[in-house]
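Because the structure is predicted, anything quoted here is derived from the model rather than measured. Each chain gets a letter, A, B and so on, in the order the sequences are listed, and its residues count up from 1.
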Amino acid sequence: GENVEQHPSTLSVQEGDSAVIKCTYSDSASNYFPWYKQELGKRPQLIIDIRSNVGEKKDQRIAVTLNKTAKHFSLHITETQPEDSAVYFCAASRGGADGLTFGKGTHLIIQP
Amino acid sequence: GAGVSQSPSNKVTEKGKDVELRCDPISGHTALYWYRQRLGQGLEFLIYFQGNSAPDKSGLPSDRFSAERTGESVSTLTIQRTQQEDSAVYLCASSSKTGTAYEQYFGPGTRLTVT
């Protein structure tokens, strides 16, 4: 089955700087890659996703890039703000009939 | 509209007891998923329902775990003879699965504590 690796497990950045979280996946049939943000004690919230037919997607301060050949995808957050502090999870799926396989999460800490 | 809801929000049970967790998906969503999240960990896929098709049970950790769904409505996850390692937050998600829509929307979860 699919295996998703996520790095780093903890990332601390200064407010206003950029943050990058990286994931790799193993199943070449995976074609859907969402990113979820989970604040302490709350449910995961979808923040951005990308499908395998595109290489990059951007939404305001958040962007995701996908390299299908290398089987890795990354989340980029620019101009970080205190409210960006949370745990971020990447995931991969074949879409269709499969559930999501999640990475282990990255605890992002924004230092004031 | 209303999101995914789950009940109870918290459940404390004694080791060896059975528990039932409930999920109400977003109305009209044909796909429903159960995940488990242990403290400080990622989400583990448990089971998936799509319409009236046979469920994908590939993620269920043991035969003590089972789930049912009637049509495209509520789902119940049952854990029999609970063990301490079953303590976790159990999250339900639903998806519309129309066209290329894959987005899964999560409920608030049920925090299960086995004493």
Side-chain angles (χ1 to χ4, degrees), chain A residues 1-10 21 23-25 27 29-54 57 59 64 66 73 86-109, chain B residues 3-6 9-10 23-26 29-61 67 75 77 88-111:
Chain A
E2 176 66 276
N3 182 48
V4 176
E5 299 282 342
Q6 183 172 348
H7 301 280
S9 55
T10 303
I21 302 170
C23 289
T24 60
Y25 62 98
D27 186 353
S30 288
N31 59 13
Y32 175 62
F33 308 92
W35 286 88
Y36 284 83
K37 175 183 180 182
Q38 188 175 32
E39 297 176 14
L40 188 63
K42 297 191 176 180
R43 75 189 77 186
Q45 299 273 11
L46 178 71
I47 57 171
I48 195 167
D49 58 13
I50 191 167
R51 291 172 176 77
S52 58
N53 57 344
V54 298
K57 184 176 177 180
D59 182 4
V64 57
L66 171 65
F73 56 112
V87 178
Y88 291 80
F89 293 97
C90 64
S93 168
R94 294 185 177 189
D98 279 18
L100 293 168
T101 299
F102 283 83
K104 294 190 182 299
T106 295
H107 186 193
L108 177 62
I109 301 165
Chain B
V4 178
S5 61
Q6 292 185 244
S9 55
N10 281 284
C23 172
D24 285 89
I26 294 172
H29 279 194
T30 58
L32 186 148
Y33 306 81
W34 284 97
Y35 295 89
R36 177 172 70 179
Q37 186 174 31
R38 290 195 167 110
L39 186 64
Q41 302 295 313
L43 286 79
E44 302 170 68
F45 166 74
L46 297 177
I47 189 170
Y48 158 76
F49 296 89
Q50 170 60 30
N52 293 318
S53 302
D56 175 0
K57 304 179 182 179
S58 60
L60 293 179
S75 175
L77 177 69
V89 175
Y90 289 82
L91 290 155
C92 172
S94 70
S95 172
S96 66
K97 291 292 185 187
T98 56
T100 56
Y102 298 151
E103 293 88 342
Q104 294 184 24
Y105 298 88
F106 283 85
T110 293
R111 182 175 298 278

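Proximity to chain B (any heavy atom under 4.5 Å) is shown, for A:Leu100, by both the backbone and the side chain. Residue contact with chain A, scored on non-hydrogen atoms closer than 4.5 Å, involves the side chain of B:Leu91 exclusively. Residue B:Val89 does not touch chain A at all, counting heavy-atom pairs closer than 4.5 Å. Residue B:Gln37 touches chain A through its side chain alone, counting heavy-atom pairs closer than 4.5 Å. Heavy-atom distances place no part of A:Pro34 under 4.5 Å from chain B, backbone and side chain included. Only the side chain of A:Gln38 has a heavy atom closer than 4.5 Å to any heavy atom of chain B.
Considering every non-hydrogen atom in both A:Cys90 and A:Gln6, the closest pair reads N-OE1, 3.3 Å. B:Gln6 approaches B:Pro108 most closely through the heavy-atom pair OE1-N, 3.8 Å. Counting all heavy atoms, side chain and backbone alike, B:Glu103 lies closest to A:Leu46 at CG-CD2, 3.4 Å.
Using the six-membered ring where Trp is involved, A:Phe89 and A:Phe102 have ring planes that are perpendicular, over 60° apart on the 30 and 60° scheme. Under the 30°/60° scheme for interplanar angles, the aromatic rings of A:Trp35 and A:Phe73 are found to stand perpendicular.
Between the side chains of B:Thr30 and B:Gln50, a donor-acceptor pair is found at a separation under 3.5 Å.
Ranking A:Gly105, A:Pro44, A:Gly41 against chain B, the residue ahead of the rest is A:Pro44, based on heavy-atom pairs under 4.5 Å. Between chain A and the residues B:Val4, B:Leu46, B:Leu43, B:Ile47, the largest count of heavy-atom pairs under 4.5 Å involves B:Leu43.
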